Novice: 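Have a look at the structure that comes next, please.
Here the structure is a predicted model, which is why all the values come from computation and not from measurement.
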Amino acid sequence: ATMKLPIARSDASMLNLRGLRVAFVNMPIREVAQPNNLPLGPALLAARLERAGADVTIIDLNGYRPVLTEALARVLIASAGERDLYALSGLITTLAWQERAARIIRDIAPRASIVAGGGLSTHFRSAMFKWIPELDAVCHSEGDDVILRIADDVKRGTMERGTVYDGYRSQDLDAFLDIVPSDELR
């Protein structure tokens, strides 16, 4: 997998993302409980992109639990209109919903870029491409700065499928991650 680092904070103010349409899809957690938290992570990343001129929306699937179904998720995702970039949030317990959301997005917006982030992608990095083949890239580590690089690459048409966007370089764990059974995360 290709590895890309974030845009330096000093360069972020010069970034122009006008015309880029982005949707953050917040995955459901604790599906049997009533929703009790706002999508703060996606909101912070959305603010960074809006500051650079992007048109951003947040699709909060977590807010519809415990009644969320795949059909309702399809309606919610489609209601955002076609986007250039879909960014999936993902705690480690959200693999099954990330798989569903990626399939729905690829069906609705076949040319859009799909990126996964959060704890699941941070921990498993390139293994995510095996589990969710619809993904174009994953984001490792905190997304505050990396989201700007991702969005800029999408706008320029330079995102390479299979890229791991990394906030810092770390040891290559791909060989280790190949032995982790994805069924235990669903």
Novice: Counting C-beta onward and ignoring hydrogens, is there a side-chain heavy-atom pair between L148 and L49 closer than 4.5 Å?
Specialist: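 Touching, per the 4.5 Å side-chain cut-off.
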
Novice: Looking at residues at least two apart in the chain, or sitting in another chain, which of them share a salt bridge (Lys or Arg N to Asp or Glu O under 4.0 Å) with E82?
Specialist: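 By the salt bridge (Lys or Arg N to Asp or Glu O under 4.0 Å) rule, E82 matches R111.
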
Novice: Heavy-atom distance under 4.5 Å between the side chains of V56 and R83, does that happen here?
Specialist: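 Side chain of V56 against side chain of R83, heavy atoms only: no contact under 4.5 Å found.
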
Novice: Are any of the side-chain heavy atoms of I105 and E134 separated by less than 4.5 Å?
Specialist: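 Side-chain contact under 4.5 Å: no.
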
Novice: Can a donor-acceptor pair be found, under 3.5 Å and without considering hydrogens, that links the side chain of S79 to the backbone of L76?
Specialist: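 Flag set: sc S79 to bb L76 pair under 3.5 Å.
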
Novice: Of the non-hydrogen atoms in T94 and S89, which two are nearest, and what is the gap between them?
Specialist: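 Heavy-atom minimum between the residues: OG1-O, 4.2 Å.
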
Novice: Of all heavy-atom pairs between L135 and R161, which one has the smallest distance, and what is that distance?
Specialist: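 Scanning both residues completely, I find the closest heavy atoms to be O-NH1, 3.3 Å.
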
Novice: Could you check if a side-chain atom of I108 sits within less than 4.5 angstrom of a side-chain atom of R74, using non-hydrogen atoms only?
Specialist: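 Yes. Closest side-chain heavy atoms under 4.5 Å.
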
Novice: Side-chain heavy atoms under 4.5 angstrom apart, residues restricted to Ile, Leu, Val, Met, Phe, Trp, Tyr: same cluster for V164 and I92?
Specialist: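 Shared cluster, yes.
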
Novice: Within the structure provided, determine whether I147 and V22 are in side-chain contact (heavy-atom separation under 4.5 Å).
Specialist: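 Not touching, per the 4.5 Å side-chain cut-off.
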
Novice: Identify the heavy atoms of Y86 and I77 that sit nearest to each other, and give their distance.
Specialist: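 Shortest heavy-atom contact: CE2-CG2, 4.3 Å.
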
Novice: Would a hydrophobic clustering, with Ile, Leu, Val, Met, Phe, Trp and Tyr connected at side-chain separations under 4.5 Å, put L61 with I29?
Specialist: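 No, no single cluster joins them.
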
Novice: Could you tell me whether the side chain of M159 reaches within less than 4.5 Å of the side chain of Y165, counting heavy atoms only?
Specialist: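 In short, these two side chains touch, coming nearer than 4.5 Å.
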
Novice: At their closest point, which heavy atom of P39 faces which heavy atom of I58, and how far apart are they?
Specialist: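 Scanning both residues completely, I find the closest heavy atoms to be CG-CG2, 4.1 Å.
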
Novice: Is the shortest heavy-atom distance from the side chain of L91 to the side chain of M27 under 4.5 Å?
Specialist: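 Counting from C-beta outward, L91 and M27 never come under 4.5 Å.
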
Novice: Who passes side chain to side chain donor-acceptor pair (under 3.5 Å) against D84, sequence neighbours left out?
Specialist: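 Per chain and number, D84 pairs via side chain to side chain donor-acceptor pair (under 3.5 Å) with R21.
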
Novice: Apply side chain to side chain contact (heavy atoms under 4.5 Å, CB included) to N36 and list each qualifying residue two or more places apart in sequence or on a separate chain.
Specialist: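 Partners of N36 under the side chain to side chain contact (heavy atoms under 4.5 Å, CB included) test: R30, R65.
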
